[in-house]
There are 4 protein chains.
Amino acid sequence: MTVRVGVIGTGMIGQDHIRRITRVLSGGAVVAVTDADTGRAQQAAARLPDATVLPSGRDLIGDSRVDAVLVTSWAQTHEEHVLAAIEAGKPVFCEKPLARTAEACGRIIDAEMATGRRLVQVGFMRRYDAAYNALKAVLDDGGIGAPLLMHCAHRNPSAPAYDFTTDMVVSDSAVHEIDLVRWLFGEEVAATSILKPRRSTRTGDGLHDPLIVLLEMASGVLVDVEVFINAGYGYDIRGEIVGEGGTVALADGEAVAVKRDGRRSARVPADWRERFGRAFDAELQDWLKAVAAGRPAGPSSWDGYAAAVVTESCLEALRTGHRTAVSLRERPGFYAKAH
Amino acid sequence: MTVRVGVIGTGMIGQDHIRRITRVLSGGAVVAVTDADTGRAQQAAARLPDATVLPSGRDLIGDSRVDAVLVTSWAQTHEEHVLAAIEAGKPVFCEKPLARTAEACGRIIDAEMATGRRLVQVGFMRRYDAAYNALKAVLDDGGIGAPLLMHCAHRNPSAPAYDFTTDMVVSDSAVHEIDLVRWLFGEEVAATSILKPRRSTRTGDGLHDPLIVLLEMASGVLVDVEVFINAGYGYDIRGEIVGEGGTVALADGEAVAVKRDGRRSARVPADWRERFGRAFDAELQDWLKAVAAGRPAGPSSWDGYAAAVVTESCLEALRTGHRTAVSLRERPGFYAKAH
Amino acid sequence: MTVRVGVIGTGMIGQDHIRRITRVLSGGAVVAVTDADTGRAQQAAARLPDATVLPSGRDLIGDSRVDAVLVTSWAQTHEEHVLAAIEAGKPVFCEKPLARTAEACGRIIDAEMATGRRLVQVGFMRRYDAAYNALKAVLDDGGIGAPLLMHCAHRNPSAPAYDFTTDMVVSDSAVHEIDLVRWLFGEEVAATSILKPRRSTRTGDGLHDPLIVLLEMASGVLVDVEVFINAGYGYDIRGEIVGEGGTVALADGEAVAVKRDGRRSARVPADWRERFGRAFDAELQDWLKAVAAGRPAGPSSWDGYAAAVVTESCLEALRTGHRTAVSLRERPGFYAKAH
Amino acid sequence: MTVRVGVIGTGMIGQDHIRRITRVLSGGAVVAVTDADTGRAQQAAARLPDATVLPSGRDLIGDSRVDAVLVTSWAQTHEEHVLAAIEAGKPVFCEKPLARTAEACGRIIDAEMATGRRLVQVGFMRRYDAAYNALKAVLDDGGIGAPLLMHCAHRNPSAPAYDFTTDMVVSDSAVHEIDLVRWLFGEEVAATSILKPRRSTRTGDGLHDPLIVLLEMASGVLVDVEVFINAGYGYDIRGEIVGEGGTVALADGEAVAVKRDGRRSARVPADWRERFGRAFDAELQDWLKAVAAGRPAGPSSWDGYAAAVVTESCLEALRTGHRTAVSLRERPGFYAKAH
C-alpha cells in the first residue's frame with residue numbers, strides 16, 4: 001500500500017521531505033501540495049509525477065486523495081493545520097514546534113484525545129539517529145549503571161539567519177536536546193537554568209552566543225547543554241551520559257582519516273544535513289510505515305507539549321537569570337507509551 | 001515511474017534485495033519471482049503485494065510485465081540468465097560473480113556489445129560504500145599525491161560454510177578487493193601473488209586461513225590484502241592508501257564509545273550486513289534510477305570480466321606459489337567509462 | 001651541581017618524591033629527612049645512600065647540609081615549614097595546599113616578599129603535564145581564537161578514603177582544575193558556583209558525588225568541572241576549551257588498541273600515578289634545575305594563595321547554594337610573572 | 001652509586017646520550033670522552049662538570065676512572081671498541097649496529113662468552129618504548145590468541161641524507177623492526193623477501209622508496225614491514241599483530257585534538273626524537289641501573305648478531321629478488337634469556 005501524502009508548506013524543509021518521499025523512501029507518494037506562496041507550490045508539484053496544487057491547508061486536508069498530512073509550513077500555522085487534520089481524522093506529521101505555545105499544544109492534546117486515537121507525530125528526528133539509538137541502548141542495557149549526569153554540545157557553524165536571537169538559541173536549537181533527554185531518560189524535565197559564558201564577538205547584536213542550558217530531570221539527573229550557534233568550525237553534536245559505573249558518549253564517527261602535513265585529520269560534518277540526513281530519512285520512513293499499518297509511533301503530541309513547556313521555562317530562566325521550575329499538566333494515560 | 005523488477009533466485013540474497021526494493025527504496029516494485037525451488041519462490045511472492053511466480057528464468061525474462069531483471073540465483077546459472085536478459089534487451093543486475101569463468105564473462109561482453117547498449121550491472125557493492133567513496137575522493141583530489149601502496153584487511157568473524165576452501169578465500173572474499181582497487185585507482189591489475197602466513201588452528205581442514213593476496217596494479221601501485229575468514233572478533237574491513245605526500249585510511253567509524261571496567265571501547269561490526277547494509281541500499285537504488293533513466297551506471301560486464309581474470313590469476317598463484325601475470329583482452333571502447 | 005634536598009614528611013607522597021630524586025631524576029640528592037613518625041623517617045633514610053634523620057622540620061631546615069626543602073608533611077603543618085624555610089632563605093617546594101587557609105597563604109606571601117626573592121614553589125603538577133601543555137600551546141597560538149568556555153571532567157575510580165567528604169571534593173580534587181584554569185587562561189577566577197547532580201548510590205554518607213563546579217574567569221570565560229570521586233571505571237581527566245573559531249581538547253591518548261569479542265578497546269588509566277607520573281617527574285626536575293640555577297620557576301606562593309581563595313569561595317557556594325564572588329588581594333608586582 | 005661513563009664518539013647521538021646522562025637520568029656521570037675529531041670531544045667535555053678528553057677509545061676504555069663504556073662512534077669502529085671493552089672486562093653499551101657484518105658480531109659473541117659474563121648491551125631502543133611494551137603485554141597475556149601475522153609501517157618524513165641508498169632502507173631503518181619482531185615473538189626470523197612497490201618520485205636516484213620487507217618467523221608468523229623513507233607527512237611508526245582471536249595495534253596516541261576549519265586533527269610526530277625520546281631515556285636508565293647492579297640486561301650481543309644476519313639476508317633478497325633463508329649459528333645457552 002502506498003500512503004498518499006499531502007504536504008502543507010513547500011519551503012526548504014517541505015521540499016526536502018517531498019524529495020525524500022519521492023526519491024529515497026518506500027511506501028509513500030506526494031499527491032497534493034499547498035503553500036501560502038502559490039507559485040512555490042506549483043513549482044514543487046511540477047517536479048512530481050502526479051501531484052495537485054490545492055489552494056489551502058484546509059482544502060488539502062479535506063481532499064479525499066490525501067491519506068495523511070505533512071505540515072512543514074510556517075510555525076505560526078502549525079496549530080491550525082494539526083487541529084484540522086485531527087478533525088478530519090487523518091494522520092499528521094508536524095515539524096517542530098507542534099505549536100507556538102505550550103497552551104496551544106495543550107489544545108492539540110485535548111483534540112487528539114477527543115478522537116480516541118493517536119494521529120499526530122512531531123518531527124523530533126534525533127530519536128531516529130543511529131548514534132543516539134546506540135547511546136540509548138547502552139544506557140538501557142544497564143552497562144553504565146544508573147545515569148547521574150549528561151554533557152551535551154550543540155554547535156552550528158553559523159547562525160542560520162542574520163536576526164537569530166538569544167531566545168531562538170533555546171526555541172530553535174536547544175529544543176532538540178530538550179526532547180532528546182526526555183526520550184533518553186524516559187522522564188520529564190523538572191527545572192531549567194541558563195548560564196551565560198563569555199560572548200563570542202562573531203555574532204549579531206541580539207544574540208548572546210554561546211549559552212549553557214541546564215536541564216534537571218525529575219530523577220535528579222543533571223544535563224548541561226552548550227549551545228553555540230556561531231561555532232565556526234563545523235556542525236558538531238556531542239553527548240556523554242555519566243552513570244554510576246561508566247559512561248557512554250557519541251564518538252566522532254570518522255569515516256576516513258587523512259595523514260598529511262604533520263597531522264592526522266578527519267572531517268567534521270558541515271551542517272545538519274550531513275549529520276542527521278539519515279535520521280530524517282528514518283523518521284519519515286517510520287511515519288509512512290506507521291500510517292500504513294494504522295499504528296501510531298514516534299514523538300507524540302505529548303512530546304510536543306512537554307518540549308514547549310520546557311522551552312518556555314528556559315526562556316523565563318533566560319529573562320530572569322534564575323532557575324525555573326517546569327510545570328506540566330498530568331500526563332494522560334492516553335500518552336502512556338510515547339515511544 | 002516505477003521499475004517493475006523480476007527476481008531470479010529467492011535465496012538469502014534474493015530475499016534481501018526483494019525486501020530492499022519493497023520496503024526501503026524508492027522507484028521499484030518486484031512483480032515476478034522464480035527459483036529452482038518453487039516453494040521458496042511461492043513463499044517470497046506471498047509476502048509481496050502483487051508478484052507472480054514464474055516457472056523459469058527464461059519465462060520471467062520474457063514476461064512483458066518485467067522491466068528489469070535481478071539475478072541472485074546460484075552462481076553456475078548467472079551466465080545463462082544474463083545472456084537471456086541481454087537477448088531480451090532488458091537491463092539486468094547480476095550478483096557477483098558475473099559468471100563462473102573469465103571465458104564465460106567474455107561471452108557476456110560480446111553479447112552485450114552486439115546489442116549496442118549497456119544492459120548489465122554487476123553487484124560490486126563496495127563502490128557504493130560511503131567510507132570508500134570518501135577515500136576515493138581524497139585520492140582523486142590529489143590530497144595525498146600519487147598513490148604508491150595500499151594495505152587492506154578483510155576479516156570475517158567465521159567461515160560462512162563448513163566446507164569453505166582456500167580457493168574460496170580468493171573467489172568469494174578477495175574478489176571484493178580485486179574490484180575495489182580497479183575502481184579506486186582507475187587501472188587494471190597486472191600481476192598477483194599469494195603469501196601464506198602461519199595458519200590459524202581454528203579453521204577447517206581444507207582452508208589455509210589467513211592469506212595475503214598481493215595485487216600489482218599496472219602503474220606499479222602494490223596492494224596487499226590480508227584475507228582472514230575466521231578472524232573471530234568481528235567483521236573488520238580496512239584499507240589505507242599510501243601516497244607520495246600522505247595517506248588516507250578507512251577509520252573505525254565509531255558511533256558511540258563506552259567507558260567501563262578500565263577500558264574505553266566501541267563496537268566492531270558483527271557482519272557484512274552491519275558494515276555494508278547501506279552500500280547495498282545505495283547500489284540497488286542507483287540501479288533502479290539508472291534503469292528508469294535508461295542510462296547505464298555502476299560496475300559493468302567489463303568489471304565482472306576483469307575481476308574474473310584477476311581471480312583466476314590469484315588461484316593459479318595459489319596453486320603454483322608463484323607470481324602470476326594477469327592477461328586481459330583489450331578493453332573495448334564500449335566500456336570506456338566504467339563509472 | 002647536585003642540589004642537596006631535605007624532605008619533611010616521609011609518608012606516601014614524600015617517599016614517592018624521594019624515589020624520584022634518587023632513582024629517576026638528575027641533579028638532586030636527598031641528604032636529610034624528618035617525620036612526626038621517627039620510625040618512618042628512619043626507614044626512608046635507610047633506603048638512601050647518604051641521608052640523615054633529623055628530629056624536626058626546624059632542625060632539617062637549619063641544617064647546613066640542606067640546600068633546599070621539600071615539604072610533604074600533613075597539610076596542617078605546611079605553613080609552619082614554608083615560613084621557616086623562607087626565614088632561613090632556602091628554596092622550598094611545598095605540596096598543595098600551600099597552607100590550610102587563604103589567610104595563612106597571605107602570611108607566606110608577605111614573608112616571601114619581605115626577603116626580596118622568590119623561594120617557594122607549590123606542587124601543582126598539572127602545569128607540567130605534556131597533554132595540558134599541548135592544549136595551552138594551541139590556545140596561545142591563537143589556533144582556536146579567543147576562549148569562551150571550558151568543559152572539564154575529573155574522575156577518580158573511587159574515594160581515596162572512607163571518610164572523604166563533599167568539602168574535600170573541592171579542596172582536594174577540584175583544586176587541581178582551579179590552579180589549572182588560572183594557568184591556562186592567564187587570569188584569575190572571579191566567581192564560583194556548585195551544582196549538585198543526582199547523587200551516586202556508591203558513595204559514603206558524607207559525600208555528595210558527583211558535583212559540578214563552575215568557575216567564572218575574570219574575562220567571562222566559563223569553566224564547568226565535573227568532579228566525580230567514585231566514577232568506578234578508571235581515572236579519567238578531560239578538558240576541552242571552546243574558542244571563537246574552534247576547540248582543543250585532551251584526547252584519550254591511547255597507546256595500543258585491542259580488537260576482540262566484537263569490540264575495539266583501549267586502556268583508561270587506573271589512577272593518578274599512571275596518568276600524571278611523568279608530570280610529577282617533570283615538576284620536580286624543573287624545581288631541581290631552578291634551585292641549581294638560583295632562578296625561581298613554577299607555581300608561586302601567589303598561585304597557592306589564589307587557589308586557596310577560590311577554594312574557600314567554592315566551599316561557601318557549596319554551603320549556601322549560591323554563586324559566590326572571589327575576592328583576592330591585589331596581585332603584587334613581585335609575582336608579576338608566575339610562569 | 002654513580003656509574004662513571006666514558007663516551008667514545010661525540011657526534012649527534014653521542015652528545016644526545018651525554019645530555020641524557022647528565023641532565024635527565026639518575027645514577028650516571030660522564031667522566032671521559034673521546035672522538036676522532038679532538039675539537040669536538042673538547043667541546044663536549046667543556047659542557048660537562050668534570051670530564052676528561054682522552055686521545056683514543058683504547059685510552060678511554062683503559063682509564064681507571066671509567067666504569068662503563070658507551071660506544072657512539074662511526075659504525076666501522078664499533079667492533080674494535082666493543083672487543084676492547086670486553087677485553088678490559090668493562091660493561092659496554094653499543095649503538096646499533098653491533099658491528100658491520102654478522103661475522104664480526106660473531107667475534108664479539110665469542111669474546112664475550114670467553115669472559116664468562118655478559119658485558120654488552122646493543123642500542124635497540126624500541127624494546128623500551130611504552131607502546132610496544134603494552135603491545136607485547138597484550139600478546140603475552142594471550143588476549144588475542146596465537147599470533148599469525150604482523151603488519152608494520154616505518155615512515156620517515158624524509159631521507160636523513162642525500163645519498164641514502166636502498167640498502168640503507170634495510171640496514172638503517174628496517175633493522176629496528178628486525179630486532180623488534182624477534183623480541184615481540186620470542187623467536188628468530190627464518191626467511192626474508194623484499195617487494196618493490198611503485199617508487200616515489202620524491203627520492204634520490206639511488207633509492208627505491210618505499211619497500212616492503214617480509215620477515216617469516218620460525219613459527220610461520222609472517223611480518224610485512226612497509227619502510228618509507230620519504231613519506232613526507234611525518235614520522236609514523238605502526239604495528240598490528242593479528243592473532244587467532246583478535247588483534248592488537250599501536251594506536252595514534254593523540255595528546256590533544258583540535259577542531260577547526262571543518263576538521264578534527266591531531267599531531268603526527270615530526271621525527272624519531274619526538275616519537276622515541278622516552279624510549280631512549282628508558283633504555284639508558286636501564287643500562288645504568290644494570291651496570292650499577294652488576295646484572296646485565298637489555299638486548300645482547302646475540303641480538304646484535306641475529307639482527308646482522310637477518311639484515312644480510314634481506315640485502316641478498318633485495319639483490320636477487322628472491323626469498324632468502326636466514327642461517328644463524330646455534331644459540332649458545334650463555335644467551336638463553338635475552339630479556
Side-chain angles (χ1 to χ4, degrees), chain A residues 1-2 19-29 49-50 129-139 141-145 238-267 274 277-278 281-282 285 288-289 292, chain B residues 1-2 19-29 49-50 129-139 141-145 238-267 274 277-278 281-282 285 288-289 292:
Chain A
M1 176 211 151
T2 295
R19 173 192 63 77
R20 196 163 271 126
I21 293 171
T22 308
R23 304 183 59 83
V24 179
L25 306 177
S26 169
D50 187 27
D129 177 61
Y132 274 124
N133 276 276
L135 199 77
K136 190 174 195 317
V138 171
L139 178 65
D141 286 354
I144 61 165
R238 315 239 326 252
E240 181 189 33
I241 303 172
V242 181
E244 289 197 347
T247 73
V248 58
L250 299 180
D252 283 303
E254 303 177 344
V256 299
V258 175
K259 290 183 175 176
R260 52 176 293 189
D261 299 335
R263 300 190 75 81
R264 177 192 184 281
S265 75
R267 187 175 171 77
E274 182 175 342
R278 292 281 183 203
D281 291 351
Q285 184 70 75
L288 291 174
K289 284 190 186 160
Chain B
M1 175 212 151
T2 296
R19 173 193 62 77
R20 196 162 272 127
I21 292 170
T22 309
R23 303 182 61 82
V24 178
L25 306 178
S26 168
D50 186 27
D129 176 62
Y132 274 124
N133 276 277
L135 200 77
K136 190 174 194 319
V138 171
L139 178 64
D141 286 354
I144 61 165
R238 316 236 327 250
E240 180 190 34
I241 303 173
V242 181
E244 290 197 346
T247 73
V248 58
L250 299 180
D252 283 303
E254 304 176 343
V256 298
V258 176
K259 290 183 175 177
R260 51 175 294 189
D261 299 334
R263 300 192 74 81
R264 176 193 186 280
S265 75
R267 187 174 171 78
E274 182 174 344
R278 292 281 184 204
D281 291 353
Q285 185 70 75
L288 291 174
K289 284 189 185 161

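Model, not experiment: these values are computed from the prediction. In what follows, every chain begins at residue 1, and chains take the letters A, B, ... in the order their sequences are listed.
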Top contributor to chain A interface from [options] [non-hydrogen pairs under 4.5 Å]:
options                      : value
B:Val256, B:Asp252, B:Leu135 : B:Val256
B:Gly28, B:Gly143, B:Gly246  : B:Gly143
B:Ile21, B:Val24, B:Val138   : B:Val24

- Message: So, using salt bridge (Lys or Arg N to Asp or Glu O under 4.0 Å) as the criterion, who are the partners of B:Lys136 when residues are at least two apart?
- Response: B:Asp140
- Listed partners of A:Arg260 passing salt bridge (Lys or Arg N to Asp or Glu O under 4.0 Å), at least two apart: none
- Query: Given a strict heavy-atom distance threshold of 4.5 Å, which part of A:Arg278 is in contact with chain B: side chain, backbone, both, or neither?
  - Reply: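 Interface part for A:Arg278: side chain.
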- Item | Structural part of A:Glu254 lying under 4.5 Å from a heavy atom of chain B |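 Answer is both: backbone and side chain atoms of A:Glu254 are under 4.5 Å from chain B.
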Going from [atom1] on [X] to [atom2] on [Y], what distance comes out if it is rounded to the nearest 0.5 angstrom?
X        : Y        : atom1 : atom2 : result
A:Arg23  : B:Gln285 : CZ    : CD    : 8.5 Å
A:Ser26  : B:Arg20  : OG    : CZ    : 12.5 Å
B:Leu250 : B:Asp129 : CG    : CG    : 7.5 Å

- Item | Interface residue of largest heavy-atom contact number with chain B, from A:Leu25, A:Thr247, A:Val248, under 4.5 Å | A:Thr247
- Name the member of A:Ala249, A:Ala266, A:Ala131 that forms the most heavy-atom pairs with chain B at distances under 4.5 Å.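 Result: the option with the highest number of such pairs is A:Ala249.
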- Query: Which pair of non-hydrogen atoms, one from B:Ala257 and one from A:Ala251, has the smallest distance, and what is that distance?
  - Reply: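 Scanning both residues, the minimum pair turns out to be N-CB, 4.4 Å.
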- Message: Please classify the contact between B:Ala130 and chain A as side chain, backbone, both or neither, with a heavy-atom cut-off of under 4.5 Å.
- Response: neither
